[in-house]
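Everything on this sheet refers to the single structure shown next.
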Amino acid sequence: MSLDKELNKILIVDFGSQFTQLIARRIRELGVFSEIVSHKKIKSTNITKYTKGIILSGGPLNVYEIKKYSFDKKIIEKGIPVLGICFGHQILSKLNGGRVKQSKHREFGLANIREKKDSLLTKNFFKSRKNSKVWMSHADQVSKMPKNFSVIASSNNSKFAIVENKKRNFYGVQFHPEVTHTENGKKLISNFIFLICKIKKNWSSKDQRMKLIKDLRNQVGKDKVICALSGGVDSSVVAQLLNKAIGKKLFCIFVNTGMLRKNEEKQVVQTFKKKLKINLIYVNAEKEFIKKLSNVSDPEKKRKIIGNLFIKIFERYARKIKDVKFLAQGTLYPDLIESKSVTGSQTSKIKSHHNVGGLPKRMKLKLVEPLKFLFKDEVRKLGLELNLSKEIISRHPFPGPGLAIRMPGIITKQKISILKEADYYFIKALRENGLYDKIWQAYAALLPVKTVGVMGDNRTYEYLCLLRAITSEDGMTADFYEFKKSFTQMISNKIVNSIRGINRVVYDITSKPPSTIELE
Ligand code: XMP
């Protein structure tokens, strides 16, 4: 978001962490304005009287790969409070004369830290017995603390889990307070910005809708826009925002890739064309997608093929509509961050999300992505403000490449139809058992393995169906949902008994990280 220079702010220096936008988001939620700048672009002259605090993000770098990152030390020498997170903590320690080395035990996931000393940073952060659960994700750690720093908390593997130099207002945390899986993480950020930086609330989400609409009008002017509508929450919100911003100059295109959920195409046309009266063009491109994907098993290739084909179709329709200059899509921040870094820092690429990484280099249409700095739940709130129905707003996320990335290995028509049925039974059962809204995202996947089973005294040799259901706040981190045995038993029976082609059901019990939500 472009920001008013007159506002006091917290400056976030991005070293390429998957979580940098989460830091901004937490600060947004606390009612304070923040700005993210890449470590490559920031200069000490960017620090003005409006900069009330600096947060150094995490990142995939190693503090000793000096050539790979640049950072002007003067930035932290202006007397402004600094909070270093993970890599930021390590670089802060190193710049102050400490040492960093590879951890004996890499820590990914939950860890317990114990309080050693009081600090303003941890006021009301620890619960009873002075312990707290935090989310770690690091391979290096501080091995020697700089002079004049003291330890506030330690874990079994990280002696310097929280450190401070009170006099200089320098704070470092080895874990990620910005992710929801860190108990009370927001409290720690709140302590930093309000108690240590002493900034006052100056940012409200109420104006966000108006600001986004205004920005859209400024970006597209009087030109026509096509919107890639999938019927999911994100593209629906984008369509409605554009509807408010430019009305009839908006054309929504819904592409049936053949890899949608069962009956989805009918539902989307019903909702958008008939109920919301949005200008909707339905394109049945099932054959085209299946042909292009035949014999492709590499996940990245699948994603790129799908992304490219989507764009080709949109361009084809743009030519038909005439004079279209823009393509709008519901890219969210997590889609973007896992494909590339927004600020140009070295975020590791995890997946090419189809609406980001799959775009051809020389695409003729310019992109409109009004949600690209927002997270799913923020988009849901925005959708409600835009009067979209709760039914649309509460739908589980569904990826652009659809069932293609829930079917590792080669895609066939037979596999698609088996998977559609399995997914249908699973989601139906969640709804019927009042579980759908408790779960952030759930789906069935078909694994490219066959296993032996026995049904009615006969040997079967059929596919393995994997079920995944996760809880999350924003898709950046996730935990698997714990079903009761009665539910897993029922759904496993239902799937195996109802669908020819599946004789075994497994449940995915990994969190994110180390896994991702989708399989590919
Ligand atoms: P992962 O698998 O990266 O997924 O943990 C995080 C969230 O993003 C969704 N997802 C996508 N959404 N285009 C999208 O619009 C994509 O290419 C894509 N890939 C993953 C995924 O369903 C989950 O909600």
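What you see below is based on every heavy atom in this structure, not just the backbone, and it leaves out hydrogens, waters and symmetry mates. We count ligands from 1, going down the list as the structure has it; atoms in each ligand are counted the same way. Just so you know, these numbers come straight off a predicted model, no measurement behind them.
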For ligand 1, indicate whether the residue Trp440 contacts it via side chain, backbone, both or neither (heavy-atom separation under 4.0 Å).
side chain

Is the His89 to Phe175 ring centre distance short of 6.0 Å?
no

Side chain, backbone, both or neither: which applies to Pro397 and ligand 1 if a contact is any heavy-atom pair less than 4.0 Å apart?
side chain

Number the atoms of ligand 1 from 1 as they appear, then name those within less than 4.0 Å of a heavy atom of Thr516, with their elements.
1 (P), 2 (O), 5 (O)

Using distance alone, decide if ligand 1 has a nitrogen or oxygen within less than 3.5 Å of any nitrogen or oxygen in Ile517.
yes

Give the numbers and elements of all ligand 1 atoms closer than 4.0 Å to a heavy atom of Pro401.
13 (N), 16 (C), 17 (O)

Go through the steps to decide whether Lys211 and Asp215 satisfy the test salt bridge (Lys or Arg N to Asp or Glu O under 4.0 Å), and finish with yes or no.
CA-CA 6 Å; Lys211 169 118 178 61; Asp215 286 352; 3.2 Å; yes

Tyr481 meets the ring pair (Phe, Tyr, Trp, His ring centres under 6.0 Å) criterion, sequence neighbours left out, with Phe483

For Glu518 and ligand 1, does the shortest N/O to N/O distance drop below 3.5 Å?
yes

For Lys512, the ligand 1 atoms with a heavy-atom partner under 4.0 Å come out as 1 (P), 3 (O), 5 (O), 6 (C)

Pick one of side chain, backbone, both or neither for how Gln441 approaches ligand 1, counting any non-hydrogen atom pair under 4.0 Å.
side chain

Please give me the minimum heavy-atom distance between Tyr425 and Ile491, naming the atom from each residue.
O-CD1, 3.6 Å

Checking Phe289 now: which residues fulfil ring pair (Phe, Tyr, Trp, His ring centres under 6.0 Å) with it, not counting sequence neighbours?
Phe310

Less than 4.0 Å between a side-chain N and a carboxylate O, is that true for Lys292 and Glu286?
no

Can you name the atoms of ligand 1, numbered from 1 with element, that are less than 4.0 Å from a heavy atom of Gly400?
13 (N), 14 (C), 15 (O), 16 (C)

Within 45° of the ring axis of Phe398 and under 6.0 Å from its six-membered ring centre, is that where the NZ or CZ of Arg261 lies?
yes

May I ask you to list the atoms of ligand 1 that are less than 4.0 angstrom from any heavy atom of Arg303?
16 (C), 17 (O), 18 (C), 19 (N), 20 (C)

